[in-house]
Amino acid sequence: MERIMGGGMLPLVLTSVGALLLYRILVRLRRGAPMHGAVVVITGASSGLGKECARVFHAAGARLVLCGRDAARLQEVVQELSGSSTDIQHQKTFTPNTVVFNLVRADSVEKAAQEILKCYGHIDVLINNAGISYRGNILDTHISVQRDVMEINYFGPIALTQALLPSMVQRRSGHIVVISSVQGKIAIPYRSAYAASKHATQAYFDCLRAEIGHLGIPVTVISPGYIRTNLSVNAVTGDGSKYGVLDKTTASGWEPRDVADAVLKAVRQKSKDVVLAGTVPTVAIYLRTLWPALFFKLMSSRARKEQKHKDE
Ligand SMILES: NC(=O)C1=CN([C@@H]2O[C@H](COP(=O)(O)OP(=O)(O)OC[C@H]3O[C@@H](n4cnc5c(N)ncnc54)[C@H](OP(=O)(O)O)[C@@H]3O)[C@@H](O)[C@H]2O)C=CC1
Ligand SMILES: CCCCCCCCCCCCCCCC(=O)OCC(=O)COP(=O)(O)O
């Protein structure tokens with residue numbers, strides 16, 4: 001009897017343990033890399049999506065370096081997070097560091113990169129999130145505005161990335177993330193400066209992914225649709241003045257919290273290219289490649305309608 005029990009139970013126990021181990025490995029693979037203790041740098045962390053990313057990465061146990069132009073507003077974020085910093089989901093959280101700098105000044109970006117590195121001696125994840133939008137038609141837009149948007153959305157993030165990259169390459173470890181936009185994939189009328197800067201962003205980080213992937217440094221480009229932030233309010237117009245309007249499209253956009261959760265998931269899973277948008281923008285992206293003539297027609301019609309609306 002004992003022999004029968006022993007012979008029958010052992011394989012059953014071994015199979016169950018094996019299945020449990022496999023299940024745990026699959027869950028871990030699905031959840032992706034752990035964030036606890038990871039050093040995560042976020043630009044544009046004083047508002048909107050950057051602030052929400054700070055919240056979700058902080059809650060996941062990351063050691064944050066929050067970047068922005070305004071020291072006082074960054075400190076407010078730190079205070080807010082520190083208030084919630086005891087033992088979220090039974091894991092220790094860390095009080096964030098801050099580094100204040102303007103992305104348009106090359107010298108300040110270089111200096112900031114050194115300051116960022118000093119916080120923990122290395123970086124695990126860089127999230128290039130800061131950015132500005134634009135409203136205007138090309139005929140009435142100063143070339144200086146086209147350059148300014150390119151400086152903030154393109155040259156600033158790539159300068160920061162290039163300043164921090166050598167330390168990642170040296171350690172053969174790190175992760176570069178950039179928040180682009182659906183407008184990095186398709187260009188819509190009256191957004192020339194913004195769409196151009198996001199298309200350039202997509203191209204640069206696609207090149208970077210190909211060049212450094214073999215060093216164990218993934219590159220993630222995230223392209224969201226509209227998010228409910230102050231992006232349109234802060235947008236610049238053709239003469240350089242502030243647009244100052246919360247557009248309906250922005251106000252009815254995704255909750256920043258949901259987008260931040262998706263950013264965390266993309267980082268954990270080391271995704272390469274993520275579009276976070278509804279059916280219409282997603283179909284538009286495919287249309288641009290598969291049936292460009294129709295896409296261009298639709299954009300011309302959109303431009304005419306918007307112009308008519310402005311004239312009324
Ligand atoms: N909202 C949306 O509909 C969408 C947004 N995105 C992208 O998401 C990212 C975050 O934007 P969002 O949160 O929506 O908008 P916000 O305007 O709320 O945030 C933009 C952030 O960028 C920072 N920033 C702007 N200019 C500079 C600069 N010269 N130097 C340093 N930091 C700067 C701002 O800092 P400060 O507080 O100092 O002004 C701010 O923290 C952007 O890259 C945007 O293109 C993508 C798709 C849709
Ligand atoms: C189901 C049939 C679909 C047919 C496709 C027709 C083409 C429709 C065009 C759709 C355009 C979508 C534009 C989305 C733009 C967007 O989400 O941008 C995100 C941002 O970065 C917002 O910045 P902004 O400053 O523009 O507010």
Side-chain angles (χ1 to χ4, degrees), residues 35 37-58 62-82 94-133 147-171 173-180 197-198 200-201 204-205 208 212 215 217-222 229-231 234 236 260 263 267:
M35 275 300 121
V39 177
V40 179
V41 179
I42 305 172
T43 67
S46 54
S47 63
L49 178 60
K51 188 172 170 179
E52 286 308 316
C53 284
R55 284 206 182 106
V56 303
F57 280 84
H58 172 78
R63 291 182 286 172
L64 297 179
V65 183
L66 304 181
C67 305
R69 287 181 295 186
D70 186 326
R73 283 175 55 213
L74 279 180
Q75 274 316 314
E76 280 172 27
V77 179
V78 172
Q79 289 306 317
E80 216 179 284
L81 296 184
S82 304
F94 300 88
T95 302
N97 290 271
T98 58
V99 175
V100 180
F101 67 100
N102 192 324
L103 274 166
V104 297
R105 298 204 23 224
D107 56 334
S108 76
V109 173
E110 186 56 47
K111 226 175 104 218
Q114 298 318 315
E115 222 181 301
I116 288 169
L117 279 171
K118 269 194 201 137
C119 293
Y120 294 104
H122 76 278
I123 294 167
D124 294 302
V125 185
L126 166 63
I127 304 181
N128 287 298
N129 161 76
I132 190 169
S133 195
R147 284 191 207 282
D148 290 348
V149 175
M150 212 66 186
E151 285 290 343
I152 298 170
N153 290 359
Y154 178 70
F155 287 109
I158 74 158
L160 184 64
T161 300
Q162 289 194 192
L164 294 174
L165 203 52
S167 79
M168 290 188 180
V169 171
Q170 205 176 20
R171 293 178 68 234
S173 172
H175 187 159
I176 309 273
V177 181
V178 66
I179 307 298
S180 179
S197 70
K198 295 296 187 181
T201 298
Y204 174 93
F205 287 94
L208 185 65
I212 64 171
L215 300 174
I217 305 170
V219 173
T220 302
V221 178
I222 298 181
T229 67
N230 270 337
L231 186 76
N234 296 330
V236 69
V263 173
V267 170

Problem set entry | For the student: nearest non-hydrogen atoms of L81 and L66, plus distance | CD1-CD1, 4.5 Å
Problem set entry | T161 OG1 to I176 CD1 distance, which is reported to the nearest 0.5 Å | 5.0 Å
Seminar exercise, completed: Heavy-atom closest pair (F57 atom, L64 atom, distance to 0.1 Å) is CB-CD2, 3.9 Å
Problem set entry | Polar side-chain atom of D70 near backbone of R73 as donor-acceptor pair, under 3.5 Å | yes
For this session: Determine, step by step, whether T220 and V267 satisfy the side chain to side chain contact (heavy atoms under 4.5 Å, CB included) criterion, reporting the C-alpha distance in whole Å, the side-chain angles of both residues, the deciding distance to 0.1 Å, and the verdict.
Result: CA-CA 7 Å; T220 302; V267 170; 5.7 Å; no
For this session: Could you tell me the separation between the CD atom of E151 and the CG atom of L103, rounded to the nearest 0.5 Å?
Result: 10.0 Å
Seminar exercise, completed: Between L74 and G68, the two heavy atoms sitting closest are CD1-N, 3.4 Å
For this session: Report yes if some heavy atom in the side chain of L117 is under 4.5 Å from a heavy atom in the side chain of I123; otherwise report no.
Result: yes
Exercise. Do L208 and L165 have side chains that get closer than 4.5 Å, going by heavy atoms?
Worked result: yes
Exercise. Sub-3.5 Å donor-acceptor pair from the side chain of S180 to the main-chain atoms of V221, do we have one?
Worked result: no
Exercise. Do V56 and V263 have side chains that get closer than 4.5 Å, going by heavy atoms?
Worked result: no
Exercise. What do the steps show when you test Y120 against V65 for side chain to side chain contact (heavy atoms under 4.5 Å, CB included), and what is the final call?
Worked result: CA-CA 9 Å; Y120 294 104; V65 183; 4.2 Å; yes
Exercise. Out of curiosity, L160 CG to F155 CZ, how far, rounded to the nearest 0.5 Å?
Worked result: 15.0 Å
Exercise. What are the two closest heavy atoms between K51 and S46, and how far apart are they?
Worked result: CD-O, 3.9 Å
Exercise. Of the non-hydrogen atoms in P157 and I152, which two are nearest, and what is the gap between them?
Worked result: CD-O, 3.1 Å
Exercise. When rounded to the nearest 0.5 angstrom, what distance separates CG in N153 from NZ in K198?
Worked result: 5.0 Å
Exercise. Do S47 and N230 pass the side chain to side chain contact (heavy atoms under 4.5 Å, CB included) test, and can you show the C-alpha distance, the side-chain angles, and the key distance before you say yes or no?
Worked result: CA-CA 8 Å; S47 63; N230 270 337; over 6 Å; no
Problem set entry | Heavy-atom side-chain contact between N128 and F205 under 4.5 Å | yes
Exercise. Is a salt bridge present between E52 and R55, judged by a nitrogen-to-oxygen distance below 4.0 Å?
Worked result: yes
For this session: Output all residues satisfying side-chain hydrogen bond (donor to acceptor under 3.5 Å, both in side chains) with E76, sequence neighbours left out; order by chain, then residue number.
Result: none
For this session: Give the minimum heavy-atom separation between L49 and A260, together with the two atoms involved.
Result: CD1-N, 3.8 Å
Exercise. Is the backbone N or O of N102 less than 3.5 Å from a side-chain atom of S108, with the two atoms forming a donor-acceptor pair by type?
Worked result: yes
For this session: Any chance you could measure T95, atom OG1, to H58, atom NE2, to the nearest 0.5 Å?
Result: 7.0 Å
For this session: Go through the steps to decide whether V104 and D148 satisfy the test side chain to side chain contact (heavy atoms under 4.5 Å, CB included), and finish with yes or no.
Result: CA-CA 8 Å; V104 297; D148 290 348; over 6 Å; no
Seminar exercise, completed: One should read off an interatomic distance between F101 CZ and E110 CD, to the nearest 0.5 angstrom, of 11.0 Å
Exercise. For atom CD of Q114, is the number of surrounding heavy atoms from other residues, nucleotides or ligands below 6.0 Å larger than 12?
Worked result: yes
Problem set entry | Sidechain-backbone polar pair: N129 side chain, T43 backbone, donor-acceptor under 3.5 Å | yes
